[in-house]
Amino acid sequence: MRMLIHVKFPHEEFNAHVRDGSAGGRIKRILDELKPEAVYFTEYGGRRGVIIIADVAEPSDVPKIAEPWFLIFNADVEFHIVMSPAELEKGGLDKLAKKWA
(Lines give C-alpha, C1' and ligand atoms only; values in the text may rest on other atoms or scores of the structure.)
Protein backbone atom coordinates (compact mmCIF):
# COMPACT_ATOMS: atom_id res chain seq x y z
CA MET A 1 0.00 0.00 0.00
CA ARG A 2 1.36 3.42 -0.92
CA MET A 3 1.95 5.60 2.12
CA LEU A 4 2.88 9.22 2.62
CA ILE A 5 5.24 9.30 5.58
CA HIS A 6 5.89 12.55 7.44
CA VAL A 7 9.10 12.69 9.46
CA LYS A 8 9.53 15.72 11.74
CA PHE A 9 12.88 16.34 13.41
CA PRO A 10 13.35 18.03 16.79
CA HIS A 11 15.85 20.90 16.57
CA GLU A 12 18.26 19.90 19.31
CA GLU A 13 18.84 16.29 18.27
CA PHE A 14 19.02 17.05 14.56
CA ASN A 15 21.34 20.02 15.10
CA ALA A 16 23.72 17.74 17.02
CA HIS A 17 23.90 15.40 14.01
CA VAL A 18 24.43 18.33 11.65
CA ARG A 19 27.23 19.70 13.81
CA ASP A 20 29.04 16.37 14.08
CA GLY A 21 28.65 15.75 10.34
CA SER A 22 26.55 12.58 10.67
CA ALA A 23 23.09 13.83 9.59
CA GLY A 24 23.49 13.28 5.83
CA GLY A 25 25.01 9.83 6.12
CA ARG A 26 22.39 8.66 8.59
CA ILE A 27 19.53 9.92 6.41
CA LYS A 28 21.09 8.24 3.36
CA ARG A 29 21.42 4.95 5.23
CA ILE A 30 17.74 5.01 6.27
CA LEU A 31 16.54 5.93 2.77
CA ASP A 32 18.76 3.31 1.11
CA GLU A 33 17.13 0.68 3.32
CA LEU A 34 13.59 1.99 2.66
CA LYS A 35 13.96 2.42 -1.12
CA PRO A 36 11.17 5.04 -1.34
CA GLU A 37 9.31 6.06 -4.47
CA ALA A 38 9.96 9.75 -3.67
CA VAL A 39 11.56 11.89 -0.95
CA TYR A 40 11.10 15.63 -0.34
CA PHE A 41 12.80 17.66 2.38
CA THR A 42 10.73 20.49 3.81
CA GLU A 43 9.72 22.13 7.08
CA TYR A 44 6.73 21.69 9.37
CA GLY A 45 5.86 24.51 11.72
CA GLY A 46 9.45 25.75 11.70
CA ARG A 47 10.98 22.27 12.16
CA ARG A 48 12.97 20.30 9.59
CA GLY A 49 11.04 17.53 7.95
CA VAL A 50 10.87 14.90 5.24
CA ILE A 51 7.95 13.73 3.13
CA ILE A 52 8.43 10.19 1.89
CA ILE A 53 6.26 8.22 -0.53
CA ALA A 54 6.87 4.51 -0.06
CA ASP A 55 5.19 1.16 -0.46
CA VAL A 56 4.27 -0.43 2.86
CA ALA A 57 3.40 -4.02 2.03
CA GLU A 58 2.19 -5.03 5.49
CA PRO A 59 1.45 -3.35 8.83
CA SER A 60 4.41 -5.23 10.27
CA ASP A 61 6.67 -3.12 8.00
CA VAL A 62 5.85 0.04 9.96
CA PRO A 63 8.45 -0.51 12.72
CA LYS A 64 11.19 -1.13 10.11
CA ILE A 65 10.33 2.24 8.58
CA ALA A 66 9.71 4.31 11.72
CA GLU A 67 12.27 3.01 14.23
CA PRO A 68 15.40 4.35 12.50
CA TRP A 69 13.91 7.86 12.56
CA PHE A 70 12.84 7.46 16.22
CA LEU A 71 16.11 5.97 17.42
CA ILE A 72 18.60 8.08 15.46
CA PHE A 73 16.88 11.47 15.39
CA ASN A 74 14.16 11.27 18.07
CA ALA A 75 11.83 12.26 15.21
CA ASP A 76 8.05 12.15 15.02
CA VAL A 77 6.76 9.87 12.24
CA GLU A 78 3.24 9.81 10.80
CA PHE A 79 1.82 7.45 8.17
CA HIS A 80 -0.99 8.34 5.75
CA ILE A 81 -2.49 6.07 3.10
CA VAL A 82 -2.43 7.82 -0.28
CA MET A 83 -3.84 6.95 -3.68
CA SER A 84 -3.66 8.15 -7.26
CA PRO A 85 -6.70 9.59 -9.06
CA ALA A 86 -7.17 6.22 -10.79
CA GLU A 87 -7.12 4.42 -7.44
CA LEU A 88 -9.64 6.88 -6.02
CA GLU A 89 -11.92 6.28 -9.01
CA LYS A 90 -11.61 2.52 -8.45
CA GLY A 91 -12.84 3.13 -4.89
CA GLY A 92 -16.35 3.69 -6.26
CA LEU A 93 -17.27 7.10 -4.83
CA ASP A 94 -20.34 7.24 -7.11
CA LYS A 95 -21.74 4.01 -5.66
CA LEU A 96 -20.87 5.04 -2.12
CA ALA A 97 -22.64 8.37 -2.57
CA LYS A 98 -25.80 6.60 -3.69
CA LYS A 99 -25.60 4.09 -0.86
CA TRP A 100 -24.95 6.59 1.93
CA ALA A 101 -26.78 9.72 0.74
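When reading the values below, keep in mind they use all heavy atoms of this one structure, side chains included, and skip hydrogens, waters and symmetry mates.
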How far does CG of Asp94 sit from CD of Glu89, to the nearest 0.5 angstrom?
8.0 Å

Measuring from Ser22:OG to Arg29:CZ, what's the distance to the nearest 0.5 Å?
11.0 Å

Check whether [X] and [Y] end up in the same hydrophobic cluster, where Ile, Leu, Val, Met, Phe, Trp and Tyr are linked by side-chain heavy atoms less than 4.5 Å apart.
{"X": "Phe70", "Y": "Tyr44", "result": "no"}
{"X": "Leu4", "Y": "Ile27", "result": "no"}
{"X": "Val18", "Y": "Ile30", "result": "yes"}

Heavy-atom side-chain contact between [X] and [Y] under 4.5 Å:
{"X": "His80", "Y": "Met3", "result": "no"}
{"X": "Arg48", "Y": "Asn15", "result": "yes"}
{"X": "Ile81", "Y": "Met1", "result": "yes"}
{"X": "Asp55", "Y": "Glu37", "result": "no"}
{"X": "Val7", "Y": "Ile52", "result": "yes"}
{"X": "Lys64", "Y": "Leu34", "result": "no"}
{"X": "Ile5", "Y": "Val77", "result": "yes"}
{"X": "Arg47", "Y": "Asp76", "result": "yes"}

Taking salt bridge (Lys or Arg N to Asp or Glu O under 4.0 Å) as the definition, give me every residue that meets it alongside Glu78, ordered by chain and number, with sequence neighbours left out.
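With sequence neighbours excluded, Glu78 shows a salt bridge (Lys or Arg N to Asp or Glu O under 4.0 Å) to Lys8, given in chain and number order.
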
Going through the distances and angles, do Val50 and Thr42 end up as a side-chain contact (heavy atoms from CB on, under 4.5 Å)?
CA-CA 6 Å; Val50 182; Thr42 187; over 6 Å; no

Classify the ring geometry between His17 and Phe73 as parallel (under 30°), tilted (30 to 60°) or perpendicular (over 60°).
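Plane angle over 60°, so perpendicular.
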
Specify whether Phe9 and Phe14 have parallel, tilted or perpendicular ring planes, treating 30° as the upper limit for parallel and 60° as the lower limit for perpendicular.
tilted

Evaluate the side-chain contact (heavy atoms from CB on, under 4.5 Å) criterion for residues Phe41 and Ile51: first the C-alpha distance (whole Å), next the side-chain angles of each, then the deciding distance (0.1 Å), finally the verdict.
CA-CA 6 Å; Phe41 293 89; Ile51 297 171; over 6 Å; no

For Gly45, is there any backbone N or O sitting under 3.5 Å from a side-chain donor or acceptor partner on Glu43?
yes

Looking only at heavy atoms, what is the nearest atom pair of Pro63 and Pro68, with distance?
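In terms of heavy atoms, the two residues are closest at O-CD, 4.0 Å.
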
Which atom of Leu31 lies closest to which atom of Pro36, heavy atoms considered
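Minimum heavy-atom separation between Leu31 and Pro36: O-CD, 3.3 Å.
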
Does atom CD (Glu33) have a neighbourhood of more than 12 heavy atoms from anything else shown, all under 6.0 Å?
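Result for CD/Glu33: open.
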
Using a 6.0 Å cut-off, check whether atom CD of Glu87 has over 12 heavy atoms from anything other than its own residue.
yes

